[in-house]
Amino acid sequence: MAFVQTAQTARIDLFATLRASIEEYKAARVLRQKYKTTVRELARMSDRELADIGVNRYDIKGIAKAHVYG
């Protein structure tokens, strides 16, 4: 009887772990999309517009990463 209870507990833990992994993947995907959107929006700006906000074109990816991921 103890074996069956252990097996059920292991199965529940496996599904909880799987569910948590899926949620982490979804959260990471949302952050990645925000990063790509930020890079795209900054890249569309002209050099003059970027200069007005104090950004160099080669800094775009770093700024987007800091903005999205902290």
query: Is any side-chain heavy atom of K61 closer than 4.5 Å to a side-chain heavy atom of Y35?
result: yes
message: Just verifying a value: how many Å separate D13 CG and L18 CG, rounded to the nearest 0.5 Å?
response: 12.5 Å
message: Please give me the minimum heavy-atom distance between Y69 and L31, naming the atom from each residue.
response: CE2-CB, 3.7 Å
task: Would you check if L50 and I60 make a side-chain contact, meaning some heavy-atom pair closer than 4.5 Å?
output: yes
Close side-chain approach of I53 to M45, heavy-atom, < 4.5 Å: yes
- line: Distance col, row R19:CZ vs I22:CD1, nearest 0.5 angstrom, shows 8.5 Å
field: Partners passing salt bridge (Lys or Arg N to Asp or Glu O under 4.0 Å) against R32 (at least two apart in sequence or in another chain)
entry: none
field: Pairwise distance OG1(T38) to NZ(K65) - rounded to 0.5 angstrom
entry: 14.0 Å
